[in-house]
Amino acid sequence: MVLPTPKQFIMFSVPGILYAVNNNLVVHIQAYMDPASFQVLSNLKIVTTVILYRIMLKRPISTNKWIAFTLITIAGASNSYGGWLSNQSLPEHHSLMEIHVTFNGIFLILLFCCISGTAGVYTEYILKKQAKLPFAVQSIMLYIFGVGMNFFAFFVSQLLRASSNENLGFKETGDVFEGFSKWTLIIIVSQALSGIINGVIMKQASSLTRLILIAGAMLISTTLSVFLFGLQFNDYFITAFILVIIAMFIYHRPDR
């Protein structure tokens with residue numbers, strides 16, 4: 001079995017920490033904008049990923065691919081907004097959520113998209129640069145830093161909460177499994193599998209191929225939501241579906 005060198009191990013600290021920061025950033029963004037705006041604006045990470053792919057890896061991107069990813073970005077925004085509108089039409093939602101986007105929210109969403117693109121492109125870079133290392137070993141190194149970063153953030157937050165509660169006369173339990181349930185476990189397993197699959201795609205193909213597959217998955221997840229949760233088809237979803245199909249055709253079309 002091929003083992004990593006200390007230098008190879010340290011290289012995985014960059015994407016591991018970036019992913020950990022971004023996952024926590026998603027939560028904080030919700031305080032500065034409504035969920036619908038977040039879903040729509042977060043699709044800008046498609047654009048940032050393509051731009052950073054061109055800058056960091058210095059690989060040419062054809063005009064066809066630029067057009068394809070522009071269409072996918074528009075499709076993602078349309079699908080997200082349409083899904084939110086359909087969700088609001090369900091019986092348990094009697095009123096529309098107020099749309100609000102603050103300056104801090106715009107700054108954080110741009111930061112989120114840039115970090116997401118950087119993490120994805122850099123992960124592809126080191127996965128291919130260290131091609132002789134087994135993918136399982138590379139995944140372990142990546143998750144070691146991610147888990148470590150999140151545990152560090154958890155303990156810091158616990159210290160801050162304990163200090164605040166002590167001043168207020170409350171006791172702090174500090175239980176890392178507080179609120180943990182079978183649904184939490186399902187989410188963890190599904191996210192871990194998703195991360196591994198994305199890693200394989202980036203190592204064997206590219207970050208751009210990953211974006212195309214994510215666009216297809218977006219349509220599949222929306223379609224499943226129609227049958228599982230009663231989400232209603234609307235013009236936004238139909239527009240997104242058509243745009244993704246056109247984008248995939250353009251993406252795979254030979255350049256002249």
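One-based numbering along the sequence shown.
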Membership question, hydrophobic clusters at under 4.5 Å side-chain separation (ILVMFWY): are Leu44 and Ile214 in the same one? no
Indicate yes or no: at least one non-hydrogen side-chain atom of Pro6 is less than 4.5 angstrom from one of Ile10. no
Quick one: does Ile29's side chain get under 4.5 Å of Leu25's, heavy atoms only? yes
Working note: Phe112 + Leu41, criterion side chain to side chain contact (heavy atoms under 4.5 Å, CB included); need CA distance, chi angles, decisive distance, verdict. CA-CA 10 Å; Phe112 164 80; Leu41 295 175; over 6 Å; no
Met202 and side chain to side chain contact (heavy atoms under 4.5 Å, CB included): which single residue from Ile197, Leu127, Val121 fits? Leu127
To the nearest 0.5 Å, what is the distance between CD1 on Ile115 and CD1 on Ile17? 11.5 Å
Pair Tyr251 and Phe69, ring centroids less than 6.0 Å apart: yes
What closest approach, in Å, do Phe135 and Gly199 show between heavy atoms, and which atom pair accounts for it? CE1-C, 3.5 Å
Rounded distance [0.5 Å steps], NZ in Lys45 versus CD1 in Ile109: 9.0 Å
dist Ser116:OG -> Leu52:CG (nearest 0.5 Å) comes out at 9.5 Å
The reported gap from CD1 in Ile188 to CH2 in Trp183 (rounded to nearest 0.5 angstrom) is 14.0 Å
Which heavy atom in Ser207 sits nearest to a heavy atom in Glu124, and how many Å separate them? OG-OE1, 2.6 Å
If every non-hydrogen atom of Ile46 is compared with every non-hydrogen atom of Leu211, which pair is closest and at what distance? O-CD1, 3.9 Å
Check the surroundings of atom NZ in Lys128: do more than 12 heavy atoms from other residues, nucleotides or ligands lie under 6.0 Å from it? yes
Hydrophobic clustering (ILVMFWY, side-chain heavy atoms < 4.5 Å, transitive) - are Val47 and Leu108 grouped together? yes
Would Met56 and Tyr125 satisfy side chain to side chain contact (heavy atoms under 4.5 Å, CB included), going step by step from the backbone distance to the final call? CA-CA 9 Å; Met56 295 173 64; Tyr125 168 74; over 6 Å; no
Looking at side-chain heavy atoms only, is the closest gap between Thr118 and Thr48 below 4.5 Å? no
Geometric class of the Phe241/Phe237 ring pair [parallel <30°, tilted 30-60°, perpendicular >60°]: tilted
Flag yes if Tyr53 and Leu213 sit in one hydrophobic cluster, no otherwise; membership is Ile, Leu, Val, Met, Phe, Trp, Tyr, and two members link when side-chain heavy atoms are under 4.5 Å apart. no
Separation between NZ (Lys203) and OG (Ser139), nearest 0.5 Å, reads 8.5 Å
Just so I know, are the side chains of Tyr32 and Phe38 near enough to count as touching, which here means a heavy-atom distance under 4.5 Å? no
Is any side-chain heavy atom of Met141 less than 4.5 Å from a side-chain heavy atom of Pro4? yes
Of all the heavy-atom pairs spanning Arg54 and Arg59, show the shortest one and how long it is. CD-O, 2.9 Å
Before you tell me yes or no, could you show the steps for Ile106 and Leu110 under side chain to side chain contact (heavy atoms under 4.5 Å, CB included), namely the whole-Å CA-CA distance, both residues' side-chain angles and the distance that decides it to 0.1 Å? CA-CA 6 Å; Ile106 293 293; Leu110 291 176; 4.1 Å; yes
Where do Leu18 and Tyr122 land on the side chain to side chain contact (heavy atoms under 4.5 Å, CB included) test, with the steps shown first? CA-CA 10 Å; Leu18 288 179; Tyr122 188 81; 5.7 Å; no
Are Val147 and Ile187 linked, directly or through other ILVMFWY residues, by side chains that come within less than 4.5 angstrom of each other? no
Kindly work out whether a path of hydrophobic side-chain contacts (I/L/V/M/F/W/Y, heavy atoms less than 4.5 Å apart) joins Leu57 to Leu208. yes
On a heavy-atom basis, which atom in Ile250 and which in Asn64 lie closest, and how many Å separate them? CG2-O, 3.2 Å
From Gln191 atom CD to Asn23 atom CG, the distance as rounded to the nearest 0.5 Å: 8.0 Å
I'd like to know if the side chain of Ser78 reaches the main chain of Ile74, judged simply by a donor and an acceptor atom lying under 3.5 Å from each other, with no hydrogens or angles considered. no
Atom of Gly146, atom of Ala20 and distance for their closest heavy-atom approach: O-CB, 4.0 Å
Going through the checks in order, is the side chain to side chain donor-acceptor pair (under 3.5 Å) test met by Thr70 and Thr73? CA-CA 5 Å; Thr70 300; Thr73 302; over 6 Å; no
Ring centers of Tyr143, Tyr19 separated by less than 6.0 Å: no
